[in-house]
Number of protein chains: 2
Amino acid sequence: MRTRQILQDGSGTPERPQEIRGAKVVRLGQQSRAKAAVGADAEAIYRRILSAIIEHRLAPGRKLVEERLAAVFGASRAMIRQVLTRLSHEMVVTLVPNRGAFVAEPTVEEAREVFEARRLIEPALARKLALSATPAQLARLRELVAAEEKARAQRDRQQVIRLSGEFHLEIAEMAGNAILARQMRELTLLTCLIIILYDSPVGRACPEDEHRRLLEAFAQRDQDTAAALMLHHLDHVEQSLDISLAAQDDDDLERIFS
Amino acid sequence: MRTRQILQDGSGTPERPQEIRGAKVVRLGQQSRAKAAVGADAEAIYRRILSAIIEHRLAPGRKLVEERLAAVFGASRAMIRQVLTRLSHEMVVTLVPNRGAFVAEPTVEEAREVFEARRLIEPALARKLALSATPAQLARLRELVAAEEKARAQRDRQQVIRLSGEFHLEIAEMAGNAILARQMRELTLLTCLIIILYDSPVGRACPEDEHRRLLEAFAQRDQDTAAALMLHHLDHVEQSLDISLAAQDDDDLERIFS
DNA sequence: ATAAACTTTTTTGTCGACAATTTCTTGACT
DNA sequence: AGTCAAGAAATTGTCGACAAAAAAGTTTAT
């Protein structure tokens, strides 16, 4: 993956002193190729943990013990702590006082809310991008869709989820509203967790070519179609979860008696 | 708050710490009456600093020196640091590596983006609330509007800004989507900063009774009117800033040559 | 055998100290 | 004077140590 120059990330936009700043662009946490067992800045650790969560190597609910992580990354506990608080602000990790950090487990209610939020925001972003997309941007999106289709062909479900999220995030960033892009990043990350949690392994026929059709609408500057497709796509993804949303209720037994 | 029973499984480490969460509801940082010079948990410090920023006692761009704050609140520097990173994640404070923390100064571009985001989200929330508002909720909103009108009558501009933000935030929370409410909190906080920065002292005729009319639409369960009023209101507020948005360009001299 | 009470171990929370960096001050030079 | 450089002061970044809390393990009594 190439390092792209986009100003974003959860820790706030660097106001006045525009550049300074590490400048590393953090997407949905693609795994860093360098295995680098030692020497680690907070940014790198952040990305590796995020990757592990997105790629489901750290399952939702999993406890993240500070000292353990510190040992793994050859970092101090303070640094791990810093990373965990950042992840908790991004809602990927739940921080429970005196208990520790856990990979977030969005509830069914939260899942519904996330999709409701996305339905409000993303069609509007699609509309914007349809109006303004440059050839370079379209090429970049095509690249992502191609990678996703390839991963799908190889039945690499984790990569499909990650790349699909990245596709939506890229659209948000291209739409030219950094604030909304930031919020979409949160929603996209949450969506990855939700899919991991609530996706039914049976009815797997989700986005298929919907991303590609969306892309075509961008290319043709067809705002209405782009917005409509995006809305439909989101509904589609949410629908594919509904089955398990119901099934999940059984699992809530412990929560009911508390 | 209740402590929930967490089931720890032998092999892996799946747990579910759902929803213990901060629990304390933090609004836009109403000033705590207790001046409490000593003994301070992170939450209290957070609220006091946020209050100071919202109420413009800490102006945008102002540097926040850790040790100074630690002395003021009788807390350790580590604790201040924790609060500052939280504020930076909420975009109220900008954290510059090796330089320190500064009260955020949203750019004109960011201001535009914030209002664009709000136009997408808030009319939908207004529509939802119009459908579901309970008498108690309406009473609470009436209370807020009354307080705002009183502050306006007393020409207490800071309180007007704060209460106005609180009104919008309350609507977001009542609308029944916690994710969106959270995002609206960020946007509302940013809006407070934006108004402080870019409000023209001349054309002061902003929301007037718009909040009250919105409230009436809720009371009558008139979804369409509520959404339309909200949209109009947001445009109105943004318009009132436009004059200074242009004027601000002059001020950007330093930014241009950097 | 079960459950409560106690003890040990693990894990998190907090602080102060030291190193690295930036900012301010002083002084020399053109 | 103005600019630059070196030193001093202030400020941030990082770490390890200790205290507090929770979890796991052990004993004891019923």
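Side chains included, hydrogens not; waters and symmetry mates left out as well; all remaining heavy atoms used. Residue numbering restarts at 1 for every chain, and letters A, B, ... go by the order of the sequence lines. Bear in mind that the values here come from a model prediction, so they are computed numbers and not experimental data.
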Original post:
Mind checking what makes ring-ring contact (aromatic ring centres under 6.0 Å, His included) contact with A:His89, not counting sequence neighbours?
Top reply: B:His89
**OP:** Count the heavy atoms of every other residue, nucleotide or ligand shown that sit under 6.0 Å from CZ of B:Arg119, and state whether that count exceeds 12.
**Re:** yes
Original post:
Do B:Gln158 and B:Arg162 have side chains that get closer than 4.5 Å, going by heavy atoms?
Top reply: no
Original post:
Among B:Leu84, B:Ile53, B:Val103, B:Leu58, which one satisfies side-chain contact (heavy atoms from CB on, under 4.5 Å) with B:Val92?
Top reply: B:Ile53
Original post:
What pairs with B:Glu122 under side chain to side chain donor-acceptor pair (under 3.5 Å), at least two apart in sequence or on another chain?
Top reply: B:Arg118, B:His168
Original post:
What string of B, S and - do you get for nucleotides 10-20 of chain D, 5' to 3', if B is base contact, S is sugar-phosphate-only contact and - is no contact with any protein heavy atom under 4.0 Å?
Top reply: -SBBBB-B---
